[in-house]
Amino acid sequence: MFNLVIGQYVPLDSVIHRMDPRSKLISVFMFVVIVFLANNWLTNVLLILFCLGGILTSKISPAFLFRGLRSILIIVLLTFFLNLFFTGGGPLLLHIGWVRIYQNGLIQSIFITNRILVIIVMTTLLTLTTSPMEITDGMETLLNPLKKIKVPVHEFALMMAISLRFIPTLLEETEKIIKAQAARGSDFTSGSLKSRMKAIVPLLVPLFVSAFKRAEDLAMAMEARGYHGDFGRTRLHKLVWKRRDTLLLLTMGLLTVALILARL
Amino acid sequence: MEKIIEVSDISYNYSDDHPKVLKHVSLTINKGEWVSIIGHNGSGKSTLAKCLNGLIIPQEGSVHVGGFDTRDPEHIWEIRRLVGMVFQNPDNQFVGSTVMDDVAFGMENHGIPREEMVRRLHEVLRLVRMDAFADREPYRLSGGQKQRVAIAGIVALQPLIIILDEATSMLDPEGRREIIQTVRSLNKKLGLTVLSITHDLEEAVHADRILVMNQGQVVKKGTPHEIFKTPELLEKIGLDLPFAVKMNGLLRARGIAVTGTALTEEELVNELWTLHSTM
């Protein structure tokens with residue numbers, strides 16, 4: 001039921017794992033932008049090669065990565081077919097009933113699907129090689145300038161860290177409630193969509209009640225341990241920018257230049 | 001003996017239309033001792049604990065911790081550093097995403113420099129025997145282990161006193177033993193003062209001093225031997241007596257002349273096998 005790979009950190013020892021979260025975050029952000037530069041076969045192949053390079057250096061088993069991506073395959077396929085059916089231009093390749101597939105449509109949908117896939121692979125790679133704590137630390141430092149215009153950056157980062165930390169706890173609780181309700185004869189798996197939706201209510205209510213209770217306890221525990229906001233706080237984790245991080249950004253720059261050149 | 005907590009005549013109610021949860025409670029806690037507060041649910045013992053670190057400010061009376069008044073907002077964070085608190089639910093007090101992060105959370109809040117933080121981190125994890133788990137996520141730990149991490153996080157702040165607010169009530173017997181052993185060794189080794197709030201009398205028999213609470217008042221104070229000399233009072237306010245104390249009563253009812261001073265199973269066994277010994 002809960003086999004999402006997104007947001008799951010795999011602690012391995014690779015160059016990518018050891019990089020500063022800031023350089024990784026900037027790179028993934030850059031990547032998401034420059035993906036839109038790809039408009040022909042060469043640029044798309046370049047993106048794929050870059051992704052494969054990333055996967056190989058991360059030491060994460062490709063099989064594991066792709067198994068985790070299966071759950072979002074539907075969205076990818078949907079984009080593919082929508083583009084395939086509704087983009088015209090070029091010679092007609094196939095005509096069955098109302099379906100007309102044109103050459104441009106086919107090429108376009110391959111490109112778009114590729115773009116989505118490489119974006120998903122790269123962002124997943126980020127979360128697989130960077131612990132949630134590092135990601136929030138990195139985000140906080142990167143967004144630090146926003147504190148000047150009174151954006152509560154620290155509070156957002158802490159909220160994110162706590163939410164991530166409570167995901168497994170709440171999943172465990174959900175499973176417990178499902179079992180408890182099933183033991184009382186509640187049926188989540190059969191019946192019409194409407195009756196299944198209704199069966200979720202007795203699941204959500206206790207879950208929310210307990211989440212509020214947990215939040216209250218946690219707030220009390222945090223105050224008891226001296227939490228009073230960002231003011232006068234020190235940090236255990238120190239982000240260190242190393243040469244490999246500069247190298248990563250340079251690589252991203254090179255990729256951008258290569259994409260622009262290959263576009264022409 | 002050095003007084004570290006002085007509670008004088010405090011009263012508290014959560015709101016005006018509610019009855020008072022604490023009624024004129026006074027007590028002192030001395031450095032290095034282990035005090036248990038016992039009482040059934042709703043006796044006010046948890047509310048009392050929250051008064052000690054300023055989470056609750058009583059409407060009447062005052063609480064002094066290490067010389068600071070909890071009513072003084074200027075010293076409230078210092079008071080919270082001096083009074084560490086372990087809560088009931090191990091999951092709901094684990095803030096960090098790993099053991100290390102969680103232990104560091106309190107130190108980060110109090111602005112302890114990074115080098116010092118790293119040094120203390122390793123030291124306290126060793127003290128609670130969790131050093132092998134430093135990188136573990138909370139969902140891969142048992143309840144007892146999570147509570148030990150919570151204790152480490154508190155000890156790292158070098159407090160005067162550690163309050164266990166029903167900290168063992170959600171644990172299995174194994175976890176309960178782990179926590180009591182850990183806290184006892186901290187009490188012996190570092191001279192850390194311990195206040196344990198519990199309704200488990202088996203736990204309370206190990207204390208130096210016991211306070212019995214009922215309906216917002218301290219109804220009895222004394223050493224465990226003094227408290228368990230009159231088990232009727234404890235039973236009357238709805239507490240479950242330790243096994244050895246129950247056995248004492250039953251043995252006496254059968255006309256077996258036990259002294260009634262045995263509070264643990266071990267003491268009782270020792271008393272029984274030497275009962276008819278003439279040497």
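Residue numbers begin at 1 in each chain, while the letters A, B, ... track the order of the sequences.
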**Message:** I'd like to know whether Y14(B) forms a ring-ring contact (aromatic ring centres under 6.0 Å, His included) with Y12(B), so could you lay out the CA-CA distance, the side-chain angles of the two residues, the decisive distance to 0.1 Å, and finally the verdict.
**Reply:** CA-CA 7 Å; Y14(B) 282 95; Y12(B) 181 76; 5.1 Å; yes

Max heavy-atom pair count under 4.5 Å with chain A, selected residue of [options]:
options	answer
I112(B), D135(B), D101(B), L157(B)	D101(B)
R114(B), Q93(B), E137(B)	R114(B)
E108(B), M107(B), R80(B)	E108(B)

**Prompt:** Tell me, side chain or backbone of A224(A) under 4.5 Å from chain B's heavy atoms, or both, or neither?
**Reply:** both

**Item:** Residue pairs, two or more places apart or on separate chains, that pass ring-ring contact (aromatic ring centres under 6.0 Å, His included) and touch residues 53-80 of chain B
**Value:**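 Sorted result for residues 53-80 of chain B: H228(A)-W77(B), F68(B)-H75(B).
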
Engaged part of [X] at the chain A interface, taking heavy atoms whose separation is under 4.5 Å:
X	result
L121(B)	side chain
D165(B)	neither
F105(B)	both
N53(B)	side chain
M100(B)	both

Any side-chain heavy atom of [X] sitting closer than 4.5 Å to one from [Y]?
X	Y	answer
L52(B)	V63(B)	yes
T70(B)	I57(B)	yes
S11(B)	L22(B)	no
I26(A)	L249(A)	yes

**Asked** Quick one: of G229(A), G226(A), A219(A), who has the most non-hydrogen atom pairs under 4.5 Å with chain B?
**Response**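 Of the options given, most contacts go to G226(A).
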
**Prompt:** Regarding K24(A) and T130(A), is there a side-chain donor-to-acceptor distance under 3.5 Å anywhere?
**Reply:** yes

